[in-house]
Amino acid sequence: MIAEDAVLLREGLVGLLERFGHTVPAAVGDGPSLVAAAVRHRPDVVIADVRMPPGFTDEGLRAVRELQRLRPAQAVVVLSQYIEQTFAEELLAGRGGAGTGYLLKDRVGDVAEFMTSVGRVADGGMVVDPEVVRQLLARRRDPLGRLTPREREVLGLMAEGRSNAAVARALVVTEAAVAKHIASILQKLDLPPAPDDHRRVRAVLAYLGA
């Protein structure tokens with residue numbers, strides 16, 4: 001399901017999703033319609049803008065918060081032109097076990113990669129644009145001070161939803177080196193024992209200040 005006030009972008013997203021074999025049960029242009037349509041259609045994932053009518057301030061943001069309250073398991077991809085830092089933190093902190101993404105419109109440069117990100121969120125994963133991560137990290141000095149520059153790089157790539165193998169390719173290191181960095185990150189963030197996937201998500205949330 002899509003919530004986007006710009007008609008051309010909204011229709012373009014509908015066409016793109018359908019071209020990749022997805023069904024779009026609703027495409028709306030304001031916050032209240034977002035909530036009503038998501039509750040009615042119960043989509044696998046909602047793609048929503050932050051600023052929508054009538055005020056073009058935080059209508060989409062508030063609608064997503066309300067949707068999280070009504071449907072805690074609803075997967076949401078925020079696709080915005082802006083980085084709303086406080087909202088990004090709240091969005092990621094309030095995700096529970098639901099898939100969550102925060103992507104920037106101007107930085108989506110590959111259609112296939114975008115569709116992969118949407119699919120990852122629909123499957124319960126988390127995808128965050130590197131620029132969003134960078135700005136959130138700039139606001140937080142603790143527990144960042146405990147991590148080395150390389151560990152921050154690794155955790156930033158983890159926030160993008162990358163696997164160990166993908167992180168290794170991006171940093172041109174071995175998977176064993178990546179695993180060592182992740183183990184050190186988890187230890188420095190004082191994360192309790194849990195399934196690996198859960199610890200990775202908790203690490204990212206802790207790193208973003210959740």
About how many Å separate [atom2] of [Y] and [atom1] of [X], when rounded to the nearest 0.5 Å?
{"X": "Leu13", "Y": "Leu17", "atom1": "CG", "atom2": "CG", "answer": "6.5 Å"}
{"X": "Glu153", "Y": "His181", "atom1": "CD", "atom2": "NE2", "answer": "8.5 Å"}
{"X": "Ser163", "Y": "Met158", "atom1": "OG", "atom2": "CE", "answer": "11.0 Å"}
{"X": "Leu155", "Y": "Arg150", "atom1": "CG", "atom2": "CZ", "answer": "13.5 Å"}

* Check ion pair Asp49-Lys105 (N to O, under 4.0 angstrom) ->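 A salt bridge is present here (some side-chain N lies under 4.0 Å from a carboxylate O).
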* Asked: Any chain of hydrophobic side-chain contacts (each under 4.5 Å) joining Val118 to Val14?
  ->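 They do share one cluster, since a chain of ILVMFWY contacts under 4.5 Å joins Val118 to Val14.
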* In one Ile/Leu/Val/Met/Phe/Trp/Tyr side-chain cluster, 4.5 Å: Met126, Val178 ->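 The answer is yes; both residues are in one hydrophobic cluster.
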Check whether any side-chain N or O of [X] sits under 3.5 Å from a backbone N or O of [Y] as a donor-acceptor pair, and report yes or no.
{"X": "Asp110", "Y": "Ala112", "value": "yes"}
{"X": "Ser117", "Y": "Glu113", "value": "yes"}
{"X": "Glu151", "Y": "Thr148", "value": "yes"}
{"X": "Gln74", "Y": "Pro43", "value": "yes"}
{"X": "Arg120", "Y": "Gly125", "value": "no"}

* Asked: Do Glu18 and Thr23 get their side chains close enough for a donor-acceptor pair, meaning under 3.5 Å?
  ->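 On atom types as modelled, these side chains do not qualify, holding no pair under 3.5 Å.
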* Among Thr116, Val121, Val77, Thr100, which residue meets the side-chain contact (heavy atoms from CB on, under 4.5 Å) test with Val127? ->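 Exactly one option meets the side-chain contact (heavy atoms from CB on, under 4.5 Å) with Val127, and it is Val121.
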* **Non-neighbouring partners of Val108 that pass side chain to side chain contact (heavy atoms under 4.5 Å, CB included), sequence neighbours left out** =>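 If we apply the side chain to side chain contact (heavy atoms under 4.5 Å, CB included) test to Val108, skipping adjacent residues, the hits are Leu79, Phe114.
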* Please name the pair of heavy atoms, one in Pro25 and one in Met1, separated by the smallest distance, quoted to 0.1 Å. =>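 Heavy-atom minimum between the residues: CD-N, 4.4 Å.
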